[in-house]
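Proteins get letters first, then strands, A, B, ... in listed order; numbering begins at 1 in each.
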Amino acid sequence: MLKLGTPFHLLHSLKQRFLSSCHSLTTIIQPSPATPLPVEEDFAVAKLILESDTQSLPETLQRTTFQWNPNLVDKVLKHLWNHGPKALQFFKYLERHPTYTHASSSFDYTIDIAARMRDYKSVWTLVARMRACHVGPSPRTFAIITERYVAAGKADRAVKIFLSMHKHGCRQDLNSFNTILDVLCKSKRVEMAYNLFKVFRGRFKADRISYNIIANGWCLIKRTPKALEVMKEMVERGLSPTLTTYNILLKGYFRTGQLKEAWDFFSEMKKRKCDIDVVTYTTMVHGFGVSGEIQKARKVFDQMVREGVLPSVATYNALIQVLCKKDSVDNAILVFEEMVRKGYVPNSVTYNVIIRGLCHTGDMQRAMEFMVRMEEEDDCQPNVQTYNVIIRYLCDAGEIEKGLDMLEKMRNRSCLPNLDTYNILISDLFVRKKSGDLVVAGKLLMEMIDRGFLPRKFTFNRVLNGLLLTGNQDFAKEILRSQSRCGRIPRHLKI
DNA sequence: CACCGCCGTT
């Protein structure tokens, strides 16, 4: 049995080992009937869906005997995250399944995917269906929807949606109020959030979290003085700031480059006997580090250990990142090895930071080694960000073929490229412009649109013009034709 | 997916 005082990072690593050991157990106890899949079913399903074309997909799925359950369906949807149309098709296929009914979480995932493609028609159809099935919509559903509207530049619409939630069978409360404030703030629509806050803080009985959200918003747009005002207001209304409030302000000072103020604030926190936590220290390490104050960053790191506050993986990540940027990758790797020695399990952030650092110094060889290591030693599959870093640096070094190989590797590892991946490759193909490059760019463009991404107008026009100028009229027409079939295309793509 | 820390520059 684990003792109560077991450090969290050790628990985590034990948990990771435990989970990987009981994986095989699960398959023994619950074998999936007609599909003898030694590996995770979710990977197998996602692979099957990605490999079959749109027409034959229903038939293909019909022939299988997967035992659908919400957990499996959610995982499959996650795998299809960067292939919206397939995700939607899969979800809709199961809606017609004779016995299976979707869980609330699967609806939420699918709504998120549809909203990201700006397919609002599907979004609201799904909301209505959710309601009909009595599985929502929940406050979480509305968090997702409003976030996507704000991200698409429709903040006003998002607020209206929040105000009319109850008409969709989901009542507003303090939690959902805080959610919409946070959504607006995180998208830098802080003025709007603050106005909404002032109008409704009475009705929803704004709490400390509401104030923290607004204060954080001001900090995000580098208006720390406004954040301080919010804190004052908070006190005036009888709500005492929390440690989170102080951590928000501390980060705010670093954002505006006010190192002295940050240091003074930190000292004040200590003097007032706030129980300074790992977040406070991580903020300090990162803040000083990005300003190039590596000595101070290290000092704070050592200090936290002395004061008995255990660094987290995030703290190490902060230190490693700033060392990569402002010191040297070699020193960063020393810290990396140290954290491993102490029993921490590096995560994808850790690895991506190191890999980026190595790429930046031109050491692609070692970068690749870390990519292998993350998987083999820490059961941490390279994710799309990992691949994007590698692809970017390969292409920047003029090795576009290697970049395209890496894209191929992603496909084999069932890691789907995202918008960044496509943008990186297409724009680098345009920098090189070797014969054939434009056709490759055209193919990538077609593929990304197929997968529900909206290329920027600039990208789209550049590729089409490029093809037209190099005598690829037929291919240009093909791109246009194939896109006009898919119905849901943004206005600028319709010509 | 109700608040704070760790992958960013198209």
Is any NZ, NE, NH1 or NH2 atom of the basic residue among [X] and [Y] found under 4.0 Å from an Asp or Glu carboxylate oxygen of the other?
X        : Y        : result
A:Arg306 : A:Asp302 : no
A:Lys434 : A:Glu401 : no
A:Arg366 : A:Glu369 : no
A:Glu236 : A:Lys232 : no

Compute whether any side-chain donor of one residue and acceptor of the other, for [X] and [Y], lie under 3.5 angstrom apart.
X        : Y        : result
A:Thr242 : A:Thr245 : yes
A:Tyr422 : A:Glu447 : yes
A:Asn216 : A:Asp182 : no
A:Ser267 : A:Asp264 : no
A:Asp207 : A:Ser210 : yes

Can you tell me the distance, in whole Å, between the [atom1] atom of [X] and the [atom2] atom of [N]?
X        : N     : atom1 : atom2 : answer
A:Asn247 : B:dC4 : CG    : P     : 11 Å
A:Asn347 : B:dC6 : CG    : C1'   : 8 Å
A:Lys326 : B:dC6 : NZ    : P     : 15 Å
A:Arg392 : B:dG8 : CZ    : P     : 10 Å
A:Asn317 : B:dG5 : CG    : P     : 14 Å
A:Ile320 : B:dG8 : CD1   : P     : 13 Å
A:Phe177 : B:dC3 : CZ    : P     : 15 Å
A:Met269 : B:dG5 : CE    : C1'   : 12 Å

Query raised in the report: Checking all strands, does A:Asn388 fall into the base, sugar-phosphate, or nothing category for heavy-atom contacts under 4.0 angstrom?
Result: nothing

Query - Touch class at under 4.0 angstrom, heavy-atom based, for A:Val278 against every strand present - result: base

Selection from [options] that lies nearest to any side-chain heavy atom of [X]:
X        : options             : result
A:Asn178 : B:dG8, B:dC6, B:dA2 : B:dA2
A:Lys186 : B:dC6, B:dT9, B:dC3 : B:dC3
A:Asn175 : B:dC4, B:dA2, B:dC6 : B:dA2

Does a side-chain N or O from [X] land closer than 4.0 Å to OP1 or OP2 of [N], or not?
X        : N      : result
A:Lys251 : B:dC6  : yes
A:Lys457 : B:dT10 : no
A:His286 : B:dG5  : no
A:Arg140 : B:dA2  : no

Could you tell me how the ring of [X] sits relative to the ring of [Y]: parallel (under 30°), tilted (30 to 60°) or perpendicular (over 60°)?
X        : Y        : result
A:Phe301 : A:Tyr316 : perpendicular
A:Phe107 : A:Phe91  : perpendicular
A:Tyr281 : A:Phe266 : perpendicular

Query raised in the report: Testing A:Asn317, A:Asp277, A:Asn247, A:Thr315 for side chain to side chain donor-acceptor pair (under 3.5 Å) with A:Thr282, which one passes?
Result: A:Thr315

Is there a residue in [range] whose heavy atoms reach under 4.0 Å of DNA chain B, and which residues are they?
range                       : result
residues 252-267 of chain A : A:Arg255
residues 416-433 of chain A : none
residues 141-154 of chain A : A:Ala143, A:Ile144, A:Glu147
residues 205-235 of chain A : A:Asp207, A:Ile209, A:Asn212, A:Ile213, A:Asn216

Report task. Return yes if the base of B:dG5 and the side-chain atoms of A:Ser312 contain a donor-acceptor N/O pair under 3.5 Å, otherwise no. Result -> yes

Query raised in the report: What residues, two or more places apart in sequence or in another chain, satisfy ring pair (Phe, Tyr, Trp, His ring centres under 6.0 Å) together with A:His83?
Result: none

Which atom pairs, one a donor and one an acceptor, fall under 3.5 Å between side chains of residues 189-199 of chain A and the rest of the protein, sequence neighbours left out?
residue, atom, partner, partner atom, Å
A:Glu191, OE2, A:Arg223, NH1, 3.1
A:Tyr194, OH, A:Glu233, OE2, 2.7
A:Asn195, ND2, A:Glu191, O, 3.3

Query - Pairwise C1' distance, B:dC6 and B:dT10 [rounded to whole Å] - result: 23 Å

